[in-house]
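So you know, we letter chains A, B, ... as the sequences are listed, proteins then strands, and number each from 1.
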Amino acid sequence: MDVWENYTEKVMDHYENPRNVGIVDNANGVGIVGNPACGDVMKLTIRVENNIIVDAKFKTFGCGAAIATSSMVTEMVKGKNIDTALEISNKGVMEALGGLPKVKRHCSVLAEDALKAAIENYKKSLLPGRPEKSAHELDNHKGNVDETVHTAE
Amino acid sequence: MNLIYMDHHATTPLDPEVLDAMMPYLTTEFGNPSSNTHEMGHFARIAVEKSRTQLALLIGASSPDEIVFTSGATEADNLALKGIVRAFKERSQPNIVTIAIEHKAILDTAKSLQKEGVEIRFAKIDSSGLVDLDDFKRKIDAKTILISIQTANSEIGVVQPVNQIGKIAREHNVLLHTDAVQALGRIDVNVLRDNIDLLSISGHKMYGPKGVGGLYVRKGVRLVPMIDGGGHERGMRSGTLNVPGIVGLGKAAEIAKRDLLAESSRLTLLRDMLALGIAERIDQAKLNGHPTRRLPNNLNFAFAYVEGEALLLACKGFALSTGSACTSTSLQSSYVLKAIGVPDHLAHSSIRFGLGKSNNEDQIELLLHKLETSVKRLREMSPLYDMAKEGINIDNYQWPHSH
């Protein structure tokens with residue numbers, strides 16, 4: 001396939017000048033999705049205050065489309081209520097980028113999955129009896145993020 | 001756009017000398033070499049026979065008559081395998097011995113022959129891509145009708161010990177076919193010295209035209225044709241000959257032989273400059289394939305924690321290719337890298353450099369600069385790089401939310 005012909009200017013812009021790269025300092029939600037064997041991994045960290053996503057940052061191992069969708073999703077969620085943010089779909093991210101080549105559409109699923117995982121992770125941290133996790137604890141790669149939450153329940 | 005072309009394993013540009021040689025046959029000299037009633041046919045026939053001689057000289061064949069012109073190397077590979085299987089059709093349960101990193105023209109042909117009852121045996125290769133000769137010998141038995149092994153690989157550039165395999169083939173009285181497409185014009189190829197019975201040739205991989213190639217068929221080797229028609233090419237490949245293409249192929253072969261030593265030593269220097277530069281400037285860049293037994297124009301590096309397609313986008317201005325799934329329609333990473341045991345994430349991070357005539361030191365320097373800065377930039381946004389810095393082994397890590 002010819003990525004050069006098919007990436008929109010917006011995709012190239014978000015690939016070349018990605019927004020919000022990094023890890024949110026005092027994050028209270030994290031989502032890690034994908035698998036290096038499949039060629040893409042995305043880590044999304046968010047800071048939620050009063051149900052509003054006040055900050056979002058990403059780190060992504062993936063192709064140009066994966067990086068661009070990661071960048072776009074961080075832009076889209078900032079300032080949104082978590083319930084509204086959950087309504088963001090891969091299709092919405094794609095549309096915001098002016099579309100993706102057919103074979104790259106699965107990349108946008110990564111962004112949607114990471115967003116859902118991060119919000120789910122934030123919500124679980126709010127369960128009764130659980131103190132809010134610090135960013136340092138959340139930034140723990142050694143264990144499965146979900147599992148750490150489950151065992152604590 | 002001034003694209004710097006470094007994808008010479010995929011195809012090569014037409015040499016201007018080749019175009020000059022072809023031009024009359026695309027215009028005024030349009031005769032059919034099969035026409036024997038007038039001089040137009042005669043001139044075309046002379047041109048075709050000259051090309052046959054140029055090819056025979058390039059590969060060290062004993063006679064030009066041993067060259068059969070085809071539409072390219074895929075057809076040559078098909079003709080070699082299918083033609084031999086059909087010639088041996090009285091043999092029960094025949095087998096072919098090959099390796100898993102052959103070009104798809106061999107692997108898919110073998111798969112198709114499997115359905116006709118031919119057993120395909122894969123000899124082991126090591127992690128550099130080199131065939132295990134002991135295992136190769138073990139795979140050959142009385143029912144083996146053909147060995148097919150590439151001279152050099154198009155992705156990792158590994159050069160197989162064809163000479164030793166030729167000896168093994170002789171000892172076991174088995175025919176040897178080699179796809180030499182990537183090797184011609186880059187390393188010395190000689191069918192007599194190496195006991196090769198069949199050899200596939202492509203025009204466009206050695207600065208000749210596309211749509212033309214050939215199969216060397218040693219005298220005395222019988223094969224059943226795939227295309228029936230007017231009995232052209234000693235009955236082995238019917239169809240009016242592609243005269244301009246054949247003339248171009250011959251000229252390309254002549255130039256390949258003439259320039260072999262000078263060009264391969266020049267490419268070796270450029271390749272080593274690139275390899276050293278990568279090793280010096282980029283940490284955790286791993287060479288795929290054999291460190292020394294490789295084509296003078298090939299390098300294949302995995303830039304850990306960076307995805308190949310993203311890196312290609314960053315190296316805008318250079319024509320390169322990647323082992324990553326992200327540029328293939330099948331979304332599968334390179335089967336060659338997989339076969340030599342490269343972990344999936346490194347296969348996705350691999351870039352192939354295929355150097356050629358138009359490349360020079362300035363371009364290598366420019367490429368090194370782009371690679372260095374792009375790998376650095378992409379690693380800064382790679383979660384895998386963070387993990388690696390923390391000492392986490394990516395291969396054993398249990399990934400949540402895999403999809």
- Message: Counting heavy-atom pairs closer than 4.5 Å to chain B, which one of A/Ala114, A/Ala37, A/Ser70 comes out on top?
- Response: A/Ala37
- Task: Name the option with the most non-hydrogen atom pairs under 4.5 Å to chain B; the candidates are A/Gly22, A/Ala66, A/Pro18.
- Result: A/Pro18
- In Å and rounded to the nearest 0.5 Å, what is the CD1 to CG distance from A/Ile67 to B/Leu378? 5.0 Å
- Query: What distance separates A/Lys43 NZ from B/Ser382 OG, expressed to the nearest 0.5 Å?
  - Reply: 11.0 Å
- Considering all heavy atoms, the nearest A/Met12-B/Lys316 contact: CE-CE, 3.8 Å
- What's the spacing between A/Ile32 CD1 and B/Tyr397 OH if we round to 0.5 Å? 5.0 Å
- Item | Nearest heavy atoms of B/His348 and A/Pro36, plus distance in Å | CD2-O, 3.3 Å
- Task: Under 4.5 Å heavy-atom distance to chain B, tell me which part of A/Val41 shows up: side chain, backbone, both or neither.
- Result: both
- Message: Quick check for you: to the nearest 0.5 Å, what is the distance between A/Cys38 atom SG and B/Asp344 atom CG?
- Response: 8.0 Å
- Task: Could you check if a side-chain atom of B/Met381 sits within less than 4.5 angstrom of a side-chain atom of A/Ser71, using non-hydrogen atoms only?
- Result: no
- Message: If the threshold is 4.0 Å, N to carboxylate O, is there a salt bridge linking A/Lys104 and B/Glu309?
- Response: yes
- Within 6.0 Å of NZ in B/Lys389, more than 12 heavy atoms from elsewhere: yes
- Query: Looking at A/Gly62 and B/Ala310, what are the two nearest heavy atoms and their distance?
  - Reply: O-CB, 3.3 Å
- Check whether any side-chain N or O of A/Tyr15 sits under 3.5 Å from a backbone N or O of B/Ala314 as a donor-acceptor pair, and report yes or no. yes
- Message: Please determine whether side chain to side chain contact (heavy atoms under 4.5 Å, CB included) holds for the pair A/Lys59 and B/Asp386, giving the CA-CA distance in whole Å, both sets of side-chain angles, and the decisive distance to 0.1 Å.
- Response: CA-CA 9 Å; A/Lys59 286 235 170 177; B/Asp386 290 343; 3.0 Å; yes
- Query: Where is the tightest heavy-atom contact between A/Phe61 and B/Glu307, given as atom of each residue plus distance?
  - Reply: CE1-N, 3.4 Å
